[in-house]
There are 2 protein chains.
Amino acid sequence: MRGYPFDPVARKAGIATFARMTIRPASRHPHGQPSIASVAARAGVSIATVSRVVNGVANKASAETTARVRQAILELGYRPISAGRDLRQRSSRIVALLTANLANPAMAAIAAAAEAALRADGLVMVLCDTHDRPDLQDEYLLAMRAQRARAIVLLGAVASPGLARMQAEGETLVFVSRRSPHGTATPFVGIDNRRAGTEVARHLVGRGCADLAVVHGALSSSATAERLAGFRAEARRLGCALPPRAILSAAATEHLEIGYQAMSVLLRRGRAPTGIFCTSDLIAFGAHRRLLEEGLAVPRDLTLVGFDDSPLNDWVAPWLDSVRVPYDSFGPAIARAIAGSPDADAETTLPHRLIVRTQPPPERRDD
Amino acid sequence: MRGYPFDPVARKAGIATFARMTIRPASRHPHGQPSIASVAARAGVSIATVSRVVNGVANKASAETTARVRQAILELGYRPISAGRDLRQRSSRIVALLTANLANPAMAAIAAAAEAALRADGLVMVLCDTHDRPDLQDEYLLAMRAQRARAIVLLGAVASPGLARMQAEGETLVFVSRRSPHGTATPFVGIDNRRAGTEVARHLVGRGCADLAVVHGALSSSATAERLAGFRAEARRLGCALPPRAILSAAATEHLEIGYQAMSVLLRRGRAPTGIFCTSDLIAFGAHRRLLEEGLAVPRDLTLVGFDDSPLNDWVAPWLDSVRVPYDSFGPAIARAIAGSPDADAETTLPHRLIVRTQPPPERRDD
DNA sequence: CGCATGAGGGAAAACGTTTTCCTAAACGCT
DNA sequence: AGCGTTTAGGAAAACGTTTTCCCTCATGCG
């Protein structure tokens with residue numbers, strides 16, 4: 001009975017004796033928030049016991065003690081400060097999401113889904129927008145390592161020395177949508193881009209588009225490269241090979257601009273292709289605006305296929321066919337990749353679906 | 001010279017003696033990351049000195065010592081672990097952004113701007129999506145308090161007991177776009193919604209729309225209420241009073257749905273109004289789709305005005321006039337509200353602008 | 001010479017947790 | 001009665017910082 005009062009009888013009876021409540025150093029959270037010490041004092045137990053109750057350690061507290069501690073926690077509105085835990089455990093409950101471009105609704109949607117899924121696992125998501133810049137990405141990586149982030153999710157990673165190093169050092173990284181630019185398969189969550197590309201080709205050819213084109217973003221993105229590869233291979237197989245000049249991009253960073261400029265190029269060359277595959281919706285938006293300016297209409301004059309298919313498309317872009325990526329499933333998949341240790345380095349391939357909103361244009365080959 | 005070696009001569013000469021490097025407890029960051037102790041050991045100083053150098057405390061380290069410490073930091077790639085600092089300082093560098101709905105591009109844009117501005121101040125943003133639910137909001141508030149967040153930014157706050165309590169307890173809160181539902185002005189960042197409402201009214205009446213309507217979201221949002229009030233007052237002043245039944249909403253949570261359903265109601269009533277003010281772009285999107293289904297075109301048959309004006313509108317909604325909210329300025333304004341102590345509880349009113357994309361419909365009152 | 005002052009820097013005390021030891025009963029067993 | 005074993009719970013050691021005291025020189029000034 002050294003130091004702390006210990007009165008089995010009163011405890012058995014569940015009596016919160018006044019003595020017990022006051023003998024303790026009064027430590028009623030001197031600094032604002034209640035701490036584990038104030039809970040311990042109020043419940044008449046040691047802080048170790050409080051900690052164990054909070055963390056549900058089995059066989060370490062009697063039902064009564066547990067109840068008393070719970071009661072004290074409730075009364076004080078106690079919640080463990082994360083810094084203390086983080087320090088001790090050398091790891092925080094923070095998960096960093098590094099996104100290439102938050103202005104892209106697709107990225108925003110994935111961020112939202114990830115946030116919800118992580119929170120369900122008791123994790124907290126911090127959001128960083130790298131703008132696809134290697135230097136910023138490295139800065140964020142370092143900052144998040146200093147936060148002892150439990151994992152770092154890269155939603156569209158770009159090659160950078162810091163990333164290479166962290167990957168080598170075995171940091172927990174999850175690549176989403178775009179594979180690691182530094183080889184070596186770490187956990188990856190995404191869709192089968194190549195297959196999606198082939199489906200788009202089949203769709204366009206199947207609807208009679210003879211004159212095809214592709215407008216794509218940076219090929220350093222594995223997702224873009226795979227989409228393009230799949231599309232090209234399938235088009236050729238269907239006897240509708242694309243000349244190299246029909247596969248183009250533009251020297252802009254914004255996808256919207258890429259679409260607009262590339263479409264300008266296509267139009268300058270003469271008659272517009274009848275089927276255009278844009279490797280992102282934003283590119284398609286840019287292209288579409290250029291077409292409108294030209295007095296052309298979609299799908300009347302040509303078919304435009306995008307990629308990502310934000311839920312907003314149903315409302316603002318009924319003229320666009322697009323490959324729908326199941327954002328909502330990304331969240332849980334990311335959470336699993338972080339929590340699950342066994343299949344940690346497995347790939348998660350989620351199902352995509354080509355959404356066809358438009359009717360084929362009326363046959364007007366005759367005019 | 002007790003405990004730590006102290007050799008002023010060698011130090012003056014800037015010599016990193018081998019002895020100095022090894023006498024120290026070898027503590028080369030035994031656990032992965034280098035700690036302040038490893039830096040201290042390498043530089044041959046105490047950890048206190050390292051801390052002071054890192055934090056730029058004046059008059060506490062000679063130029064030489066500073067240089068040696070900097071060198072060690074560089075060589076080791078040291079970065080202070082935030083948990084340690086947070087614990088000691090009872091406050092983290094985390095700022096929480098609670099957003100009502102991340103699927104809304106307007107919110108996403110503000111989130112992106114805030115993230116950039118906060119990072120420039122050395123802060124880290126954690127993102128939480130409350131889905132406009134009071135219980136979730138409270139849960140997040142508690143979680144962020146446990147993180148000892150330096151500030152909590154509420155982008156579209158909803159009334160909740162936890163919020164009221166935190167506000168009373170003097171937590172650092174910044175309300176963005178929507179004012180505190182619990183009265184009492186805490187820092188607020190937003191635009192002059194009332195004024196924007198009047199401008200929209202003037203725009204519609206000025207272009208000859210005689211038959212007006214408003215489709216609005218939840219009026220618990222101060223932003224929505226103010227927009228509506230401004231619009232209504234100005235319309236009346238211009239001799240174009242709105243009957244109560246021309247101001248409507250719908251029992252849906254999604255703005256898109258609200259727009260769609262409200263427009264259905266309007267159409268069922270007979271001829272559609274000639275000018276409709278939607279208190280958000282998403283509502284306008286929903287309304288527009290319903291109009292399309294009905295075979296009506298904008299702006300040919302009526303004028304639609306939205307609110308927020310995401311940059312994407314230029315590309316996907318050229319038919320929509322909308323009040324542009326300067327997202328990019330929100331970031332710095334939020335950062336100032338957090339950092340700046342003097343004008344901390346001041347309001348920041350940012351400039352909005354009504355973007356008119358459409359031409360007035362040709363006069364066709366005759367048909 | 002005496003003495004305040006200031007510069008430079010170390011020791012150690014927090015900060016709030018978790019977790020590893022320990023210890024003391026109580027509870028079977030033989 | 002003796003002896004493992006389980007149960008309940010306390011003490012104390014980390015974890016990595018920052019910051020408050022100190023202490024020691026050197027310097028300037030009367």
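Labels below follow one simple rule: chain letters A, B, ... track the order of the sequence lines, proteins then strands, and each chain is numbered from 1. Source: prediction; values computed, not measured.
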**Study point:** Earlier contact from the 5' end, DNA chain C, for N55(A) and R52(B)
**Key:**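 Closest to the 5' end, via its nearest nucleotide, is R52(B).
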
**Study point:** Whichever of A63(B) and V50(A) has its nearest DNA chain C nucleotide further upstream toward 5'
**Key:**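 The residue closer to the strand's 5' end, by nearest nucleotide, is A63(B).
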
Check your understanding: How is A83(A) classified with respect to the nucleic acid when contacts are heavy atoms under 4.0 Å: base, sugar-phosphate, or nothing?
Key ->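 Contact class for A83(A): none.
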
Nearest listed nucleotide, side chain of [X], among [options]:
X	options	result
L87(B)	dC15(C), dG10(C), dA12(D)	dC15(C)
I81(A)	dT19(D), dT17(C), dT17(D)	dT17(C)
S51(B)	dT19(D), dC15(C), dG9(D)	dT19(D)
R85(B)	dT18(D), dA12(D), dC15(C)	dT18(D)
N59(B)	dA7(C), dT17(C), dG9(C)	dA7(C)

Practice item. Check for a donor-acceptor pair, side chain of H131(B) on one end and backbone N or O of L102(B) on the other, with a separation under 3.5 Å. Key: no

Rounded distance in Å - [atom1] ([X]) to [atom2] ([N]):
X	N	atom1	atom2	result
I36(B)	dT19(D)	CD1	P	11 Å
R90(B)	dG16(D)	CZ	C1'	16 Å
D86(A)	dT19(C)	CG	C1'	16 Å
Q147(A)	dG16(D)	CD	C1'	14 Å
R93(A)	dT17(C)	CZ	C1'	12 Å
R88(B)	dT17(C)	CZ	C1'	17 Å
I47(B)	dA12(C)	CD1	P	11 Å
Q89(B)	dC15(D)	CD	P	21 Å

Study note, to complete from the structure: dist S91(B):OG -> R150(B):CZ (nearest 0.5 Å) comes out at 4.0 Å

Report yes if a side-chain nitrogen or oxygen of [X] is closer than 4.0 Å to either non-bridging phosphate oxygen (OP1 or OP2) of [N]; otherwise report no.
X	N	result
S62(A)	dG9(D)	yes
R148(B)	dG16(C)	yes
S82(A)	dG16(C)	no

Review point. Salt bridge check: are R70(B) and E64(B) linked by an N-O gap of less than 4.0 Å?
Key: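 Between E64(B) and R70(B) there is no salt bridge, as every charged N stays at least 4.0 Å from the carboxylate O atoms.
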
Review point. Is there side-chain contact between I152(A) and L141(A), with heavy atoms separated by less than 4.5 Å?
Key: yes

Review point. Will you find, in the side chains of Q167(A) and E171(A), an N or O donor that is under 3.5 Å from an N or O acceptor?
Key: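 No - no donor-acceptor pair under 3.5 Å links their side chains.
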
Revision key, fill the gap. By nearest-heavy-atom nucleotide on DNA chain D, the more 5' of A48(B) and G84(B) is G84(B)

